[in-house]
Protein chains: 2
Amino acid sequence: MPLNLILQNIAKHINLTKEEQDVFTAYLQTKKIKRKQFLLTDGDICKYSAFVTSGCLRGYTVDKGGIEHVLNFAPPDWWIADMYSLLSQKPGMLNIEALEDTEVLLLSKANQEKLYLEIPKFEHFFRILVENSLVASQQRLIDGLSLTAEERYNNFCKRYPTLIDNLPQKQIASYIGVTPEFFSRMRSEMIKRR
Amino acid sequence: MPLNLILQNIAKHINLTKEEQDVFTAYLQTKKIKRKQFLLTDGDICKYSAFVTSGCLRGYTVDKGGIEHVLNFAPPDWWIADMYSLLSQKPGMLNIEALEDTEVLLLSKANQEKLYLEIPKFEHFFRILVENSLVASQQRLIDGLSLTAEERYNNFCKRYPTLIDNLPQKQIASYIGVTPEFFSRMRSEMIKRR
DNA sequence: ATTATTTCTTAACCTACATCAAGTGCCCCC
DNA sequence: GGGGGCACTTGATGTAGGTTAAGAAATAAT
C-alpha cells in the first residue's frame, strides 16, 4: 500500500502527528482499476474521493449526441471525484475511467466527515485543495471563452508537461474542447509553422 | 451596516456564538462602490474577499483583442474575489466592477487567516463555499463544451432566475460566451418559435 | 506472428457563431 | 426636457472549428 505518496500530498498543506497519520490512513481503502474500467459511472452517486497512486484516470461527461467531454485527468498524486455528486449525494454526470491500469486510495464521504471532526486540520487541507481546483477550473473557463484552440493547447502543454507524453491525442483534444480531426490538423499545421 | 445579511449567509453552514459573531464582524469593512467603479483592476493583487449586501458586481477579464468575458456576477448575498490572485498574492486578471451602485463588506486575506486561527469553524465555512463554487464552475465548463448557446442561456435563466431581470443583455451574452449581436438574434428567434 | 480494433491523418464540405456596419431605441446625465 | 452616448437590432459576410468519410498507422488481443 503506497501510503507515502498520499502522506506527502497531505504534508504539502498540513502537518500530521504519527498518530494522526495512522487515523487518516486507517480510513483509506486501496482499489486497483484495470485499463478501461470505471471507478464511477454517470447516474451513480459518488461516495468517495479518490487519490491516484499509480496509473491515470480521466473524468468525462457524455452529451446528448454521445460525444465525450473530458473534465479532468488524474495522474499520480492527484485527487479526483464528481464534486457535484459527492457534495449533494445525488446522481452525477461524471464517468471516471482508467486510461491505464491504475491504483487509487479511496476516502469515503462518510469517513471524510469523520476526519473533519477527529482531525480538524483536514478542513484546512481540503479547503486549500478545493481552492486550487477552483482556480484551475476558472482559468480553464476563461481560456475557453477567450483563446483559440491552439492557444489552449499551448497552455495545456505548459501547465501539465508531464501529461502530454502518455495521454492519447484524442483525450487531449477532448480536454481542450476540439474534435480529434481538428486536433490532428491543427498540430500538423503548428509543426509546419516551426 | 447590514451585518444581518452576512451573518445569515454564514449561518447556512456554521453556527457562531454571539461572541464569535462580534469577532467576525469586527474584521469586516464596509465599502460603497458607485456604478461603473472598480473594486479590483486586472494587474492588481487581490487582498480582499467581498460579500455583496446590495447592488451587483461583475467579475470579467479582457482578452488580447480587448473583448470582455464575464466570469461571474455577484448580486446581494454572494461572495466574490479574484481567487487566483487572492490565493497566490500575485497580480490577477480579473476586473471587478459595479453594474449598479453597490455596497460590500470586505474581509481581507490577512483577517481571513486570523479568523481561521481564532474561529476554526471558518475553515469549514469557506471550504463549503469554495466547494459549491467549484461545482458551479465545472458545470459551466461542461456546458461550454457540450451545449449550444441557446441551451446555455436556458440553463442560465433556470439557475439564476433573479439575475435576468436586472442584468443588461450584453452582460448575459458575455457570461454565456456569445456576442451581443448573436445574443439579440438568438433571443428573437427563440421568441418567434414560441 | 497474425488479426482485429482503435487511433490518427487527411480532404471535402458544413455550420454555429463572429465580425462589420448601420440604424433605432433607450437610458443617463446635465 | 433634451442631447449624447450606449445598448440593442438587423442584415450581409466571414471564420474557427465540426462533420463525414475513407485510408493509413498504431495498438491491442489472441
Side-chain angles (χ1 to χ4, degrees), chain A residues 33-37 55-56 58 60 62-70 73 97-102 143-156 163-193, chain B residues 33-37 55-56 58 60 62-70 73 97-102 143-156 163-193:
Chain A
I33 316 163
K34 285 223 158 284
R35 172 180 153 81
K36 299 233 161 163
Q37 272 191 330
C56 190
R58 70 163 176 150
Y60 70 96
V62 182
D63 70 26
K64 282 183 308 188
I67 309 293
E68 298 175 358
H69 304 286
V70 172
F73 298 114
E97 180 196 52
L99 288 175
E100 59 195 65
D101 292 0
T102 299
D143 287 357
L145 292 171
S146 52
L147 302 181
T148 62
E150 265 192 43
E151 289 164 333
R152 300 201 295 279
Y153 176 53
N154 285 334
N155 281 354
F156 179 78
L163 284 183
I164 49 179
D165 294 332
N166 297 315
L167 281 181
Q169 284 191 20
K170 63 184 289 202
Q171 300 303 338
I172 302 179
S174 181
Y175 184 85
I176 67 172
V178 300
T179 61
E181 292 89 352
F182 185 77
F183 185 71
S184 183
R185 183 181 298 122
M186 180 185 83
R187 281 201 355 150
S188 79
E189 277 172 33
M190 284 164 82
I191 287 165
K192 269 191 223 149
R193 272 196 259 118
Chain B
I33 316 162
K34 285 222 156 288
R35 173 179 153 81
K36 297 226 163 172
Q37 273 192 332
C56 189
R58 71 163 174 147
Y60 70 95
V62 182
D63 70 26
K64 282 183 307 188
I67 309 292
E68 298 175 357
H69 302 287
V70 173
F73 298 115
E97 178 195 56
L99 288 175
E100 59 195 66
D101 292 359
T102 299
D143 286 358
L145 291 172
S146 51
L147 302 181
T148 62
E150 265 192 43
E151 288 164 333
R152 300 200 297 278
Y153 176 54
N154 286 333
N155 281 354
F156 180 78
L163 283 184
I164 48 180
D165 294 333
N166 296 317
L167 281 181
Q169 284 191 20
K170 64 182 291 201
Q171 301 303 340
I172 302 179
S174 182
Y175 184 86
I176 67 173
V178 299
T179 62
E181 292 91 345
F182 185 78
F183 186 70
S184 182
R185 187 174 291 122
M186 178 186 83
R187 278 200 0 148
S188 81
E189 278 172 32
M190 283 164 83
I191 287 163
K192 268 190 221 145
R193 272 197 257 114

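This is a predicted model, so every value here is computed, not measured. Computed over heavy atoms, backbone and side chain alike; hydrogens, waters and symmetry mates excluded. Note on naming: letters A, B, ... go to the chains in the order of the sequence lines (proteins, then strands), and numbering restarts at 1 for each one.
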Counting primed atoms, P, OP1 and OP2 as sugar-phosphate and everything else as base, the B/S/- map of nucleotides 24-30 of chain C against protein heavy atoms under 4.0 Å is -------
Determine, for nucleotides 10-25 of chain D in 5'-to-3' order, which nucleotides have protein heavy atoms under 4.0 Å from the base (write B), from only the sugar-phosphate (write S), or from neither (write -). BBB----BSBBB----
Is any side-chain heavy atom of B:Ile67 less than 4.5 Å from a side-chain heavy atom of B:Val62? no
Any side-chain heavy-atom pair from B:Leu145 and A:Tyr60 closer than 4.5 angstrom?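 No, side chains not in contact.
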Between [X] ([atom1]) and [N] ([atom2]), how many Å, whole number?
X        : N      : atom1 : atom2 : answer
A:Ile191 : C:dC8  : CD1   : C1'   : 13 Å
B:Glu97  : D:dC6  : CD    : P     : 13 Å
A:Leu99  : D:dT27 : CG    : P     : 15 Å
A:Lys36  : C:dT5  : NZ    : P     : 12 Å
A:Met190 : C:dT9  : CE    : C1'   : 17 Å
B:Glu189 : C:dT15 : CD    : C1'   : 14 Å
A:Leu145 : C:dC17 : CG    : P     : 13 Å
A:Glu100 : D:dT27 : CD    : P     : 14 Å

By side-chain hydrogen bond (donor to acceptor under 3.5 Å, both in side chains), which residues pair with [X], not counting sequence neighbours?
X        : answer
A:Arg185 : none
A:Tyr153 : A:Arg187
B:Asp63  : B:His69

Which residues pass the side-chain contact (heavy atoms from CB on, under 4.5 Å) test with B:Arg35, sequence neighbours left out?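 Partners of B:Arg35 under the side-chain contact (heavy atoms from CB on, under 4.5 Å) test: B:Asp101.
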Quick one: list whatever passes side-chain contact (heavy atoms from CB on, under 4.5 Å) with B:Gln37, sequence neighbours left out.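 Applying side-chain contact (heavy atoms from CB on, under 4.5 Å) to B:Gln37 gives B:Ile33, B:Lys34.
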[X]: what forms a salt bridge (charged side-chain N to carboxylate O under 4.0 Å, His left out) with it, not counting sequence neighbours?
X        : answer
B:Glu100 : none
A:Lys36  : none
A:Lys64  : B:Glu151

Terminal axis angle for the helix from C:dA1-D:dT30 to C:dC30-D:dG1, five pairs an end, nearest 10 degrees: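 Answer for the end axes of this duplex: 70°.
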Contact under 4.0 Å: A:Gln169 side-chain N or O vs C:dT9 OP1/OP2: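 True: A:Gln169 side-chain N/O within range (under 4.0 Å) of C:dT9 OP1/OP2.
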N/O donor to acceptor pairs below 3.5 angstrom from side-chain atoms of residues 171-179 of chain A, sequence neighbours left out:
unit_1   : atom_1 : unit_2   : atom_2 : d
A:Gln171 : OE1    : A:Arg58  : NH1    : 3.0
A:Ser174 : OG     : A:Glu68  : O      : 3.2
A:Ser174 : OG     : A:Val70  : N      : 2.9
A:Thr179 : OG1    : A:Phe182 : N      : 3.1

